[in-house]
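Residue numbers start at 1 and run along the sequence shown.
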Amino acid sequence: FRRVLFRSRDSAVAVALATRAMQRQDFAYAESILAGVQTGRQRWAILPALRAKAILGGEFHKNITVDPNSTYEQRESRLQETEALLTEAIAFAIEEKHPDAAAEAYLDRSFARTLLLLTDGSSSDVEEAFKLAPENPAVMSALAESRRAKGDLDGAILLVRKALQGFRR
């Protein structure tokens, strides 16, 4: 598959192109598309959230492959950028009155904060996601893991059971 160097300044087109690029694990291209948006919806939660996912995907790809040019300081800086983008995505999602999008962004920011070793912030993000989407199985699962990590095994088990109930038929 050959990458077509097409950059759209329109937000909706950029989201579609970046999503496709990320499916191909072309994270750098996805990020560059999203960074170049200048028209369309500017304050749209999906833009910073998708860009953060592209950064995380790229950083994980660097972890899987040997990249002698990648340093911890560079990765930390990229994770901090991801955290800032997700903070923006949360604000936009709340402004858009889209609690599921805000909850997903909280979970993603929680993950970025875990990688940055900001465990208190990570835990509070999971709690905020639960306030917004208490029936979301991904949120329940993340909260269960957070509770398990804090030693609340009974609470974690109850949440996992509740999350799995949605998958039973």
- Message: Closer than 4.0 angstrom, basic N to acidic O: yes or no for Arg43 and Glu88?
- Response: no
- Members sharing Ile55's hydrophobic cluster, built from side-chain contacts under 4.5 Å between Ile, Leu, Val, Met, Phe, Trp and Tyr, are Leu85
- Are Leu116 and Phe111 co-members of a hydrophobic cluster defined by side-chain heavy atoms under 4.5 Å apart? yes
- Starting at CG of Asp108, measure out to CG of Leu86 and round the result to the nearest 0.5 Å. 5.5 Å
- Between OH on residue Tyr29 and CE on residue Met22, distance to nearest 0.5 Å: 14.0 Å
- Query: CD of Gln42 to CG of Leu47: how many Å apart, nearest 0.5 Å?
  - Reply: 7.0 Å
- Note on the structure: For Ala30 and Ala18, the nearest pair of non-hydrogen atoms, with its separation, is CB-O, 3.6 Å
- Note on the structure: salt bridge (charged side-chain N to carboxylate O under 4.0 Å, His left out) filter on Arg113, not counting sequence neighbours, yields Glu83, Asp125
- Message: Just so I know, are the side chains of Arg147 and Leu143 near enough to count as touching, which here means a heavy-atom distance under 4.5 Å?
- Response: yes
- Task: Check the hydrophobic clustering (I, L, V, M, F, W, Y; side-chain heavy atoms under 4.5 Å; chains of links allowed) and say if Phe92 and Ile94 are grouped together.
- Result: no
- Item | Nearest non-hydrogen partners of Ala144 and Ala156, listed with the distance | O-CB, 3.2 Å
- Item | Donor-acceptor contact present, side-chain Ser11 to main-chain Arg41, <3.5 Å | yes
- Message: Side chains of Arg78 and Arg75, heavy atoms from C-beta outward: is any pair under 4.5 Å?
- Response: no
- Item | Within-4.5 Å side-chain heavy-atom neighbours: Thr114 and Thr119 | no
- Message: Could you check whether any side-chain heavy atom of Leu107 comes within less than 4.5 Å of a side-chain heavy atom of Phe130, counting everything from C-beta outward?
- Response: no
- Message: Looking at Ser124 and Gly121, would you say the former's side chain and the latter's main chain have a donor-acceptor pair under 3.5 Å?
- Response: yes
- How far apart are the closest heavy atoms of Ala89 and Ala105, and which atoms are they? CB-CB, 4.2 Å
- Query: Does one hydrophobic cluster hold both Phe27 and Ile46, with members joined at side-chain heavy-atom distances below 4.5 Å?
  - Reply: yes
- Note on the structure: To the nearest 0.5 Å, atom CD of Gln80 lies from atom CD of Glu76 at 4.5 Å
- Report yes or no: does Ser146 contribute a side-chain atom to a donor-acceptor pair with the main-chain N or O of Ala142 at less than 3.5 Å? no
- Rounding to 0.5 Å, atoms CG (Leu158) and CE (Met140) come to a distance of 12.0 Å
- Can you hop from Trp44 to Leu34 via hydrophobic side chains spaced under 4.5 Å? yes
- Could you tell me whether Glu135 and Lys162 make a salt bridge, using a distance below 4.0 angstrom between a side-chain N and a carboxylate O? yes
- Task: State, yes or no, whether a side-chain contact exists between Asp10 and Val37 at a heavy-atom distance under 4.5 Å.
- Result: no
- Item | Pairwise side-chain contact, Lys53 with Glu104, heavy-atom cut-off 4.5 Å (strictly under) | yes
- Task: With the side chain counted from C-beta on, respond yes when Val139 and Leu132 share a heavy-atom pair under 4.5 Å apart, and no when they do not.
- Result: no
- Check whether any side-chain heavy atom of Tyr106 lies under 4.5 Å from a side-chain heavy atom of Thr87, and answer yes or no. no
- Query: Ile90, Leu79: one ILVMFWY side-chain cluster at the under-4.5 Å cut-off?
  - Reply: no
- Using the test salt bridge (charged side-chain N to carboxylate O under 4.0 Å, His left out), find all partners of Glu145 that sit at least two apart in sequence or belong to another chain. Arg148
